[in-house]
Amino acid sequence: MSTDNPASATDLLRNSSLYREFQAEREEILKHKWIESEKAGYDIGFERALTDWIIKHRSKWRKGRQALHGQTVQPSN
């Protein structure tokens, strides 16, 4: 990717399905962090939320996304 035209690089990134999946997954992790922090009564932190979400929800979330979008997102774990 060339840095000569930052606008086109940004557009390329936004149009990337991999980037969109990353953003969607990140949003789910942030929602999970908020919910679990509310339950705990303190901020549990992103790392703990990420680990907990991956263990408890990632597989089902990805299967649901695949069914909804007809995509084949390959799990990395």
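Nothing fancy with the numbering, it's 1 onward along the sequence. Nothing here was measured: the structure is a model prediction, and the numbers come from that model.
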Taking the side chain as C-beta and beyond, is there a heavy-atom pair between I44 and Y42 under 4.5 Å?
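They are in side-chain contact.
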Side-chain heavy-atom pair S59, K63 within 4.5 angstrom cut-off:
yes
Using 0.5 Å steps for rounding, measure from the [atom1] atom of [X] to the [atom2] atom of [Y].
X	Y	atom1	atom2	value
I35	W53	CD1	CH2	12.5 Å
Y19	Q23	OH	CD	3.5 Å
H32	R48	NE2	CZ	9.0 Å
I29	H57	CD1	NE2	11.0 Å
E21	R26	CD	CZ	15.0 Å
T51	K56	OG1	NZ	11.0 Å

Evaluate E25 against W61 for side chain to side chain contact (heavy atoms under 4.5 Å, CB included), listing each step before the verdict.
CA-CA 9 Å; E25 191 167 302; W61 180 82; 3.7 Å; yes
If you group Ile, Leu, Val, Met, Phe, Trp and Tyr by side-chain heavy-atom gaps below 4.5 Å, do L50 and W34 land in one group?
no
Is it true that D43 and K33 make a salt bridge, defined as a side-chain N closer than 4.0 Å to a carboxylate O?
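Judged by the 4.0 Å cut-off on N to carboxylate O distance, D43 and K33 do form a salt bridge.
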